[in-house]
Amino acid sequence: MPIYASPEQFIRDRSEYARKGISRGRSVVVTTYRGGVLFVAENHSPTLHKVSEIYDRIGFAAVGRYNEFENLRTAGIRLADVRGFSYDRRDVTGRWLANAYAQTLGSIFSEHQKPYEVEVCVAEVGRPGAGPAAVPDASVVDPGGVDQLYRISYDGSIIDESRFVVMGGTTEPVISALNASFSPGWDLAGALGAAVAALGTVGDQAPRTLLPAQLEVAVLERGRPGRTFRRIGSSEMAALLQPAGETAAPAAGSSTEPTGSGAAPEPVDAEHAGADLPREPGAD
Amino acid sequence: MSDRAIDHPGWPVSAVPAAYLRPGSASFTDFLAAAEPQLLPWHGRSESDRAGLSSLHGAVPHGTTIVALTFGGGVVVAGDRRATMGNLIAQRDIEKVFLADSHSAVGIAGTAGLAVEMVRLFQLELEHYEKIEGVRLSLDGKANRLSAMIRGNLGAALQGLAVVPLFAGVEIPGDGVTAPGAPGVGRVFSYDITGGKYEEHDFYAVGSGSLFARSALKKRYDRAADADTAVRAAVEALYDAADDDTATGGPDLTRRIYPVVVVIGADGAVRLADDAVGEVAQAVVAGRMVNPGG
């Protein structure tokens, strides 16, 4: 018989275990821009993706253990395709998918022997001209509908964001960098430059300059008909990063790995302080 | 362990169902068969349903003629717009040629209801594979998947509700077979109701008017033609099919209903606008005013 552990202790141990795993990797930034949603992941593998297409207007980004979020990604594509097939393509929404992920992660967290060491972001790009500007206080006119970013943690807690989401690795410096640089309705080059610079604020030799080969970048383009997801290749990425005056400095692969330690900060920032409190996703 | 926990009765209703989290194939059809078989077009026919199917033959809409021909830079697929129900015209403007993905198209002759559902499933099959695997299927892979789907419908086909597709496309440039920037090489695949797949040389036609369309294409086909010439040949062939087959609809100038034409080249598959096809169709009809035999 197992020795008695209080429920508080049980949850705390599991949370700490999952958080440690997540903070060991590299970070992912998801942000909105004028033309849609931008995903930027520091990822040295060209084939093992952290960012993926789910459906016409829905994208997926994840950090943590690859086999676990790959499992969730596949499930999300299956869910979306089955729903789109049995109803209609327009009936597949990001909110619905985020809820399904939250319920699943919540159940795995409390029922499995081992919680999933993942954090996922479900991003949905609004339809062109389908609503108010993505950010109400934007001074620029945004012709698009509301872009929504849902961040779902290892324990099933879910938060929605309309500005940006930072997950995985050491998030605090990245979040403060983006808090300083974020401007509503910025263009793709500006958003990409800021996200790459923010990702470079962590690591052994910070600040680092990340090269296109170290990045995985994709967008959900609001204006495209049908499937809006598009990966941005190295050459296009380099062209987008050029005007920012970035100089290409070689970074050794080993030095770019953030150090994993139990003292890593929690993957939430001050304004997301409620994120760790399990919230009923169905209440959204 | 994990499976037992996932299948736990306490698993929340709105969570991802356990079957969706199980690792498996990248085929959407295979996944549906395992997890949601009731959604498959050929699912759930009891013996009595099957017996009744044969009596439906003249009572449900049937699509008719589809042609496909290769040209110098790819392949053209075209279909007439008529669906028949016995001796009646069920629909004048039905669409039977669909883009399957960015570089292929499928045209369907046979029972319209099953055919349209099968095309939806096929389109999703290709998209699903691309999203799960991160790469696209080869052209032969796509053709084989379609073959498996037709085989799934064999029961209904034997009762008279056959679906006979014509599949055409080009290899996607830079995906291994074709070098980036090379001209597209069009390929055409035909099928029988048991799912047999046959690669056709140069051109092919399926459906009730296919005999006449194929004869017309035999005289007009030019392997090195440009896209416009190939589109013209396809519309001429459909005119010839409509000329001799009551179930095939010719260009309807009064209602402005023209064939659906898809042109596939190395840059991708494009469905021609109605206006563009209308011009070709009007030129074909004008030519027949002078020479009815073309």
Side-chain angles (χ1 to χ4, degrees), chain A residues 46-49 51-56 58-60 67-68 70-89 95-116 152 156 216 218 226-227 229 231 233 280-282 284, chain B residues 1-41 43 99 101-102 116-136 174 180 268 271:
Chain A
T47 48
L48 302 175
H49 296 305
V51 173
S52 162
E53 172 184 14
I54 297 276
Y55 211 63
D56 287 356
I58 302 174
F60 172 95
N67 66 324
E68 291 174 350
E70 174 67 9
N71 195 232
L72 291 171
R73 181 187 79 92
T74 310
I77 293 170
R78 286 170 170 174
L79 267 184
D81 280 348
V82 167
R83 194 179 173 95
F85 183 65
S86 51
Y87 296 103
D88 186 79
R89 294 193 81 94
R95 192 186 69 90
W96 160 78
L97 186 67
N99 278 337
Y101 276 141
Q103 295 283 349
T104 306
L105 281 170
S107 287
I108 289 170
F109 182 75
S110 54
E111 287 170 21
H112 276 206
Q113 273 186 342
K114 180 190 105 51
Y116 271 17
I152 303 118
E216 180 185 355
R227 292 161 68 183
F229 185 88
R231 291 192 184 278
E280 271 306 311
D284 278 7
Chain B
M1 173 61 213
S2 69
D3 261 333
R4 205 182 51 153
I6 286 178
D7 289 327
H8 193 271
W11 192 250
V13 182
S14 55
V16 179
Y20 288 65
L21 290 162
R22 222 164 269 144
S25 99
S27 161
F28 187 67
T29 318
D30 291 355
F31 172 71
L32 276 190
E36 312 273 0
Q38 76 283 359
L39 293 178
L40 288 172
H43 171 76
L99 298 182
D101 70 351
S102 64
V116 170
E117 198 66 5
M118 202 180 279
V119 168
R120 280 184 68 209
L121 188 58
F122 182 57
Q123 289 167 330
L124 203 50
E125 175 88 13
L126 303 185
E127 180 189 330
H128 189 77
Y129 182 93
E130 183 186 336
K131 289 193 289 195
I132 298 262
E133 295 288 322
V135 292
R136 285 178 283 201
R271 187 192 148 156

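Each chain gets a letter, A, B and so on, in the order the sequences are listed, and its residues count up from 1.
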Should the pair R89(A) and Y55(A) be classed as cation-pi, given the thresholds of under 6.0 Å to the six-membered ring centre and 45° from the axis?
yes
Name the region of E127(B), side chain, backbone, both or neither, that has any atom closer than 4.5 Å to a heavy atom of chain A.
both
Name the region of L97(A), side chain, backbone, both or neither, that has any atom closer than 4.5 Å to a heavy atom of chain B.
neither
Chain A contact via L39(B) - which portion, at a heavy-atom distance below 4.5 Å:
both
Sort out for me which of E70(A), R73(A), H49(A) touches chain B most, counting heavy-atom pairs under 4.5 Å.
R73(A)
Going by salt bridge (charged side-chain N to carboxylate O under 4.0 Å, His left out), name the residues that satisfy it together with E36(B), two or more places apart in sequence or in a different chain.
none
Partners passing ring pair (Phe, Tyr, Trp, His ring centres under 6.0 Å) against F31(B) (at least two apart in sequence or in another chain)
Y20(B)
Should the pair E216(A)-R231(A) be classified as a salt bridge under the 4.0 Å nitrogen-to-oxygen rule?
yes
